[in-house]
Amino acid sequence: MKALIYAGPKQAEVREVAEPQAVEGAVKIAVKYCGVCGSDIGIFLGTHPRAKAPLIFGHEFLGVGEEDGKKFKKGDRVVTYPLLSCGHCRACREGNKHVCNTLGLIGIDTDGGMCETMYVKEDVMFKVPEGVSDKAAVTVEPLAVIVHALHMVDFQARETAVVIGAGPIGILTGIALLACGAEKVYISDIFEKRLALAKELGMIPVNPNKESLKDIVLEGTDGEGCDVLFECSGSPSAAIEMTEITRVRGRICMTAVHKKHEVDLRQLNFKEQLLIGTRVYTQEEFGQAIRFTEDIQEQLEKVVSHVVPLSESPKVFDMIADPDCGTCKVVVDCTK
């Protein structure tokens with residue numbers, strides 16, 4: 001079968017690989033779509049600390065059952081909870097296996113889903129509702145990241161939110177916030193095509209290269225600042241500004257992973273703000289994200305900006321790196 005292989009730093013190749021072997025408790029699926037994640041970009045660049053070549057990319061995959069299992073039937077459309085937990089560390093024992101001390105991921109620590117067929121264990125498979133399109137269903141995994149983030153900050157309807165970064169995670173965060181009753185959602189980015197999509201989806205776009213996000217948010221909140229802020233960009237400037245933009249006793253959710261950036265911690269003290277780290281999602285939240293797709297399908301479909309055949313998939317990394325391509329969510333069609 002064909003698969004997109006990480007062959008080394010900045011080397012991605014479509015190769016013929018052996019058909020997958022049957023695994024006890026698993027069923028064979030034909031992969032339809034697989035989304036390209038930021039972690040896939042890190043793997044491609046050779047900067048991911050765990051991914052080793054050769055490796056099949058992909059953990060955001062949608063497939064169709066090719067055989068009957070105990071819980072699933074041939075023809076069922078399914079998505080997979082891709083986290084790999086040890087089951088015995090303290091985090092796992094306390095019900096937090098999504099932050100396992102040795103957490104792994106399909107497509108990073110084992111071969112992933114950018115291929116034609118694979119075996120998936122039934123206990124991590126979820127059936128896609130009949131009315132949900134393939135384009136919406138392939139966004140379930142990143143949507144689960146946002147479901148978890150909203151739970152972590154205890155988001156409430158009628159709150160005002162700021163999202164920094166209008167990449168796929170930022171746009172999905174804005175969609176989820178509006179669907180959950182946000183009063184207003186400000187979103188910032190330097191790429192106009194992403195901001196245009198955000199505006200179409202009901203968010204208030206801000207380009208920090210042209211205007212001050214802080215001034216706009218303070219003006220729109222009577223000088224108080226937003227109730228909750230989601231940092232989805234990973235940029236140093238966002239880390240510096242986020243405590244200024246957020247109100248007294250507001251919450252700041254670190255959805256993006258930062259290295260070493262300066263943060264104005266005085267504001268954290270003076271305003272008694274809550275700074276919250278998040279990492280992926282629980283298996284229950286993954287299931288909740290699937291049900292959520294039924295309510296926001298139309299918006300999710302707009303997030304998928306490009307669908308690329310598996311046969312041409314090595315080009316996806318150059319597409320994402322090129323601002324002129326205007327990508328938001330890039331998906332690989334594994335049937336072509």
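Not a single donor-acceptor pair under 3.5 Å links the side chain of Glu66 to the backbone N or O of Lys28. For Lys271 (side chain) and Thr243 (main-chain N/O), a donor-acceptor pair under 3.5 Å exists by modelled atom type. The main-chain N or O of Gly165 is never found under 3.5 Å from a side-chain atom of Ser233 such that the two would form a donor-acceptor pair.
For CD of Glu284, the number of neighbouring non-hydrogen atoms (other residues, nucleotides, ligands) closer than 6.0 Å is 12 at most. Counting heavy-atom neighbours within 6.0 Å of Asp322 CG, excluding the residue itself, gives a total above 12. Atom NZ of Lys127 sits in a sparse spot, with 12 or fewer heavy atoms from other residues, nucleotides or ligands closer than 6.0 Å. Atom CD of Glu16 has more than 12 heavy atoms from other residues, nucleotides or ligands within 6.0 Å.
For Lys52, the salt bridge (Lys or Arg N to Asp or Glu O under 4.0 Å) criterion is met by no residue, not counting sequence neighbours. In terms of the side chain to side chain donor-acceptor pair (under 3.5 Å) criterion, His306 has no residue partners (sequence neighbours excluded). Checked against side chain to side chain contact (heavy atoms under 4.5 Å, CB included), Arg90 has the following partners two or more places apart in sequence or in another chain: Arg93, Glu94.
Taking the six-membered ring for Trp and the full ring otherwise, the centers of Phe126 and Tyr81 sit at least 6.0 Å from each other. For an aromatic pair to be called close, the ring centres must be under 6.0 Å apart, and His258 with His261 satisfies this.
Heavy atoms only, all atoms of each residue included: Val163 and Cys232 are closest at CG1-SG, 4.0 Å. Minimum interatomic distance between Met114 and Val36 (heavy atoms only, all atoms of both residues): CE-CG2, 3.8 Å. Minimum heavy-atom separation, Leu4 to Ala12: CD1-CB, 4.1 Å. Pro314 approaches Val14 most closely through the heavy-atom pair CD-CG2, 3.6 Å. When all heavy atoms are compared, the tightest approach of Cys325 to Met319 is CB-O, 3.5 Å. In this structure, Cys328 and Leu197 approach most closely via the heavy-atom pair SG-CD2, 4.0 Å.
Both Val185 and Met152 sit in one connected hydrophobic cluster of ILVMFWY residues. Membership requires side-chain heavy atoms under 4.5 Å apart, directly or through other members. The cluster map of Ile, Leu, Val, Met, Phe, Trp and Tyr, joined by side-chain heavy atoms under 4.5 Å apart, puts Ile216 and Ile164 in the same cluster. Residues Phe57 and Leu84 fall within the same hydrophobic cluster, defined by Ile, Leu, Val, Met, Phe, Trp and Tyr side chains chained together at heavy-atom separations under 4.5 Å. At a threshold of 4.5 Å between side-chain heavy atoms, the hydrophobic network of Ile, Leu, Val, Met, Phe, Trp and Tyr places Ile106 and Val124 in one connected group. Two different hydrophobic clusters hold Val228 and Ile252 under the rule that ILVMFWY side chains link at heavy-atom gaps under 4.5 Å.
Rounding to the nearest 0.5 Å gives a distance of 12.0 Å between OG1 of Thr80 and CG of Leu83. Rounded to the nearest 0.5 angstrom, Glu200 CD and Ile171 CD1 are separated by 10.0 Å. To the nearest 0.5 Å, the span separating OG1 on Thr293 from CG on Asp295 amounts to 8.0 Å. For the atom pair Tyr6 OH and Leu45 CG, the distance stands at 9.0 Å (nearest 0.5 Å). The CD1 atom of Ile190 sits 9.0 Å away from the OG atom of Ser235 when rounded to the nearest 0.5 Å. How far NZ of Lys329 is from OG1 of Thr139: 8.5 Å, rounded to the nearest 0.5 Å.
Here Glu67 does not pair with Lys74 in a salt bridge; the nearest charged N to carboxylate O distance is not below 4.0 Å. Between Glu116 and Lys32 there is no salt bridge, since none of the side-chain N atoms of the basic residue sits less than 4.0 Å from a carboxylate O of the acidic one. Electrostatic pairing of Lys214 and Glu244 counts as a salt bridge here, judged by a charged N lying under 4.0 Å from a carboxylate O. Residues Arg77 and Asp134 are paired through a salt bridge, judged by an N-O separation under 4.0 Å between the basic side chain and the carboxylate. Of the charged side-chain nitrogens involved, none lies within less than 4.0 Å of a carboxylate oxygen, so that Asp68 and Lys73 do not count as a salt-bridged pair.
For the salt bridge (charged side-chain N to carboxylate O under 4.0 Å, His left out) test with Glu272, the passing option among Arg266, Arg247, Arg249 is Arg249; the others fail. Looking at His98, Glu141, His148 one by one, the single match for side chain to side chain donor-acceptor pair (under 3.5 Å) with Tyr281 turns out to be Glu141.
Side chain to side chain, Ser133 and Gln297 meet the donor-acceptor criterion of an N or O pair below 3.5 Å. Of the N and O atoms on the side chains of Glu285 and Thr282, at least one donor lies less than 3.5 Å from an acceptor on the other residue.
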Exercise for the section: Test side-chain contact (heavy atoms from CB on, under 4.5 Å) on Cys37 and Asp40 and set out the steps. Expected result: CA-CA 5 Å; Cys37 175; Asp40 295 315; 3.6 Å; yes

Exercise for the section: Decide yes or no on side chain to side chain donor-acceptor pair (under 3.5 Å) for Gln156 and Asp154, but give the supporting numbers first. Expected result: CA-CA 6 Å; Gln156 303 295 314; Asp154 190 26; 2.9 Å; yes

Practice task
Show the numbers, then the answer: is there a side chain to side chain donor-acceptor pair (under 3.5 Å) between Glu19 and Thr117?
Solution key: CA-CA 7 Å; Glu19 289 284 337; Thr117 62; 3.2 Å; yes

